[in-house]
Amino acid sequence: MKPVRVRFAPSPTGGLHIGGVRTALYNYLLAKQTGGTFIIRIEDTDQTRYVEGAEEYIIEALRWLGIEADESPEKGGKHAPYRQSERKPIYQEYVKKLIENGSAYYAFDTEEELEAMRQRLEAAKAKNTSYNIVSRMQMKNSLTLPADEVEKHLQSGHPYVIRLKVPAKQTIRFKDLIRGWVAVESTTLDDKVLLKSDGMPTYHLANVVDDHLMEITHVIRGEEWLPSAPFHVLLYQMFGWEHPEFAHLPLILKPDLKDSKGRIIQENHGKLSKRDAEAMGFPIFPLTWQGSIGYREAGYLPEAIINFLALLGWNPGTNQEIFSMQELIQLFSVERIGKSGSKFEIEKAKWFNQQYLRMKSGKELLPYLINGLQKAHIPYTQYTEEQLIAICEVMKERATFPDDIWQEARYFFEKPTSYDETIIKQKWNQQTCQIIAWLKEKFAQENDFSGQKAKEALHQEAEKKGLKMGQVMPVLRVALTGTSAGPDLAAIMQILGKNEVVERLENALKSIAIPQ
RNA sequence: GCUCCGUUCGUCUAGGGGUUAGGACGCAUCCCUUUCACGGAUGAAACACGGGUUCGAUUCCCGUACGGAGUACCA
């Protein structure tokens, strides 16, 4: 495939929605695969919705995920500026061409007049209540007003918009890379506003002009744009330009509400929204944004998010599930994107997270551990770096998130304050107590303590006393950690070290009463 | 309402005129294990419906139902 030029064009109206991330990802993958160019363009033509910091946030969020632009407002590029608000004169220049060739016209109607028109048409039970080929002849615009009056309005600074003059009886066809041929009758289209009264372009104008000027070859965007694609095709036609390829991505849908067993409590439909995500307890933004926790802060790894998102609507046709960004770049293809929306099931994302967590070495996990401990104000200076790495190694198999490493094993950092009652009731007795006491003495005298040796010693002693491992190991575990579950005891003792082990055994012997 | 789009296990999906309809997540059972987790094995679980076309349709065509998106001087 020839090198493509694609763009991700968000509005800086808030945090970057996870659906937007997937759109950016697909664009990025195609660009990198073809040796093409991935552009970030900021669509900030609605000044009323502009949010301070949103643009920086979007760039930073994509960067965290490993999606870096080749051309962007930050980086620049041969088609700068990449912020639409800075391109205002360009749109005005181009829309003039449309006026000149009769493809667009001035409209002077006030908001009240537009509302009146809608109500009139609704009352008349009209099928189409929009400003269109029929209704425009009743309105105040350069099609109905005499030329001199139009001129007068324009000169006097009377507010106006420029509207697209949708042609009569034309079938607009275009081929969508995902959906195939889409056809719409021009009669059903309305005369969209191209230039707003504040002189800013609407999405439709800005998008077409910029995509053409920036030599975009493939427009890959969400399905919510499919209904307006005919307008864009029309605009390309009117400008006398060839339109880029279109690919409209299926939507990401909200998941059903489920209980802990995965049974559906409530079936949900519709586009995933921030509200839904927050109500169901999973992030919607990559990074925390204005109090809404991000995937990063919730403990998701960027590789996992990328992998999960890549497979939400696309698949390579094989049974492979785990993909690095490099593999995705190699394997991605627009043809293999599905047509229907995908429900966003966070359980699968967690599974990916677990997979990627396990692939990391203890050393790679160390910063996550330290960060988590610091945040929770849990002291850890009693351990060397090697010991902390060993904790990561031993815990990562049973963790989904980095914080699980210490949350599932607090006993590494704090001596047990209570002991699992079930185990105590079942196995804490005269005999096992004796063994623990014996072990304590033995370890205390040991010069060359090791977890493995300690475990073996226990093994032998238990055998001598005619006890099974199943009777004595849980007792040792509960004495050492207070819990009944966790990693191999030899590993735990190794990390804890001789003194700590002896001390904890002593504490246990003192504080646990033998049940009657 | 109108326009456009869609529909394979609960979910993400593979497949495609003749298949025991495949995989993954989740769920269940068993094995491994001192335990939890990991791992392994097994299981329950799907072609929305109705008409065509055809020797044969889940696959192709047409309807219906259901779902979604759009319908702003928002993107």
Side-chain angles (χ1 to χ4, degrees), chain A residues 9-13 43-46 48-49 107 109 111 114 122 125-130 159-163 176 178-179 182-185 187-190 192-198 200-204 206-207 221-230 248 250-251 253 255-256 258 261-264 267 269-271 308 311-322 336 338-345 347-352 354 358 395-400 404 408 420 423 427 455 458 462 468-478 481 483-489:
Chain A
S11 289
T13 54
E43 311 223 325
D44 56 347
T45 54
D46 185 354
T48 62
R49 292 207 309 156
D109 316 277
E111 229 172 280
L114 291 173
E122 229 164 277
K125 301 236 190 294
K127 264 193 173 180
N128 197 335
T129 60
S130 60
Y160 67 87
V161 298
I162 293 178
R163 284 184 181 270
D176 183 277
I178 294 170
R179 276 149 233 286
V182 176
V184 182
E185 294 304 322
T187 335
T188 66
L189 267 26
D190 64 328
K192 283 258 178 290
V193 169
L194 262 19
L195 200 76
K196 301 184 260 188
S197 54
D198 65 357
M200 277 290 193
T202 58
Y203 173 85
H204 308 290
N207 167 73
R221 77 234 294 192
E223 195 187 358
E224 66 269 25
W225 292 111
L226 191 56
S228 44
H248 289 95
L251 262 15
L253 275 17
D256 297 325
K258 294 183 179 179
K261 289 284 185 195
R263 285 180 297 241
I264 294 180
E267 203 177 327
H269 302 285
K271 199 156 90 163
F308 171 60
L311 257 24
L312 204 60
W314 172 86
N315 77 86
T318 64
N319 283 341
Q320 188 179 346
E321 296 274 340
I322 302 292
R336 293 203 63 91
K339 288 184 211 277
S340 47
S342 316
K343 285 193 182 178
F344 188 93
E345 215 64 69
E347 287 307 316
K348 189 105 182 199
K350 286 184 186 166
W351 179 77
F352 278 113
Q354 189 188 356
R358 286 168 50 190
M395 288 307 295
K396 69 177 185 183
E397 291 266 302
R398 59 206 74 222
T400 298
D404 294 342
E408 301 283 310
D420 186 295
I423 300 291
K427 307 197 163 156
K455 191 175 164 184
L458 171 66
K468 293 220 163 71
M469 289 290 267
Q471 288 170 279
V472 79
M473 283 298 245
V475 173
L476 212 213
R477 177 181 295 281
V478 83
T481 70
T483 69
S484 61
D488 178 55
L489 267 178

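- Rounding to whole angstrom units, CZ of residue R263(A) and P of U11(B) are separated by 16 Å.
- Within 4.0 Å of A399(A), counting heavy atoms only, lies no atom of the nucleic acid at all.
- The minimum heavy-atom distance linking M473(A) with L458(A) is given by the pair SD-CD2, 3.3 Å.
- Looking at D404(A) and M395(A), their side chains never come closer than 4.5 Å, going by heavy atoms from C-beta outward.
- As rounded to whole Å, 14 Å separates atom C1' of U35(B) from atom CG of L458(A).
- Taking the ring pair (Phe, Tyr, Trp, His ring centres under 6.0 Å) definition, one finds that F344(A) meets it with F282(A), F308(A), sequence neighbours left out.
- In this structure, W314(A) atom CH2 and A24(B) atom P are separated by 18 Å, rounded to whole Å.
- Counting any heavy atom pair closer than 4.0 Å across all strands shown, L489(A) reaches a base atom.
- Straight-line distance between the C1' atoms of G26(B) and G63(B): roughly 37 Å, to the nearest whole Å.
- One can place NZ of K339(A) at 13 Å from P of U8(B), the figure rounded to the nearest angstrom.
- Look at the C1' atom in both C61(B) and C74(B): the space between them is 40 Å, to the nearest Å.
- Whole-Å rounding puts the E347(A) CD to G10(B) P distance at 17 Å.
- Among the heavy atoms of the strands lying under 4.0 Å from G313(A) are primed sugar atoms or P, OP1, OP2 only; no base atom is included.
- For the C1' atoms, the distance from A44(B) to G10(B) is 12 Å, rounded to whole Å.
- Taking atom C1' on both A37(B) and A21(B), the two are 34 Å apart, rounded to the nearest angstrom.
- Within the 4.5 Å cutoff, the side chain of D46(A) has no heavy atoms near those of the S11(A) side chain.
- At the phosphate of A14(B), OP1 or OP2 sits under 4.0 Å from a side-chain N or O atom of N315(A).
- One finds no side-chain N or O of K125(A) lying less than 4.0 angstrom from the OP1 or OP2 phosphate oxygen of G1(B).
- For D109(A), the side chain to side chain contact (heavy atoms under 4.5 Å, CB included) test picks out A107(A), E113(A), L114(A), Y131(A), M139(A), K140(A), with sequence neighbours left out.
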- request: Any chance you could list the contact pattern along nucleotides 66-75 of chain B? Use B for base contacts, S for sugar-phosphate-only contacts and - for none, protein heavy atoms under 4.0 Å, 5' to 3'.
  value: -SSSS--BBB

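- As judged by a 4.0 angstrom heavy-atom cut-off over every strand, R336(A) is placed among residues touching the sugar-phosphate backbone only.
- Residue K339(A) holds its NZ atom at 11.0 Å from CD of E223(A), rounded to the nearest 0.5 Å.
- Put simply, NZ on K258(A) is 12 Å from P on C9(B), counting in whole angstrom units.
- Residues passing the side chain to side chain contact (heavy atoms under 4.5 Å, CB included) test with K127(A): none are found, sequence neighbours excluded.
- One can place CG of D256(A) at 14 Å from C1' of C9(B), the figure rounded to the nearest angstrom.
- For S342(A) and U13(B), the shortest distance from a side-chain N or O to OP1 or OP2 is below 4.0 Å.
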task: Could you run through nucleotides 38-46 of chain B and give me one letter per nucleotide, 5' to 3': B if any protein heavy atom sits under 4.0 Å from the base, S if only the sugar-phosphate is that close, - if neither?
output: SS-------

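- Rounded to an integer number of Å, the gap from CZ of R477(A) to C1' of A37(B) is 11 Å.
- Residues passing the ring pair (Phe, Tyr, Trp, His ring centres under 6.0 Å) test with Y203(A) are W225(A), H232(A), sequence neighbours excluded.
- As judged by a 4.0 angstrom heavy-atom cut-off over every strand, S484(A) is placed among the base-contacting residues.
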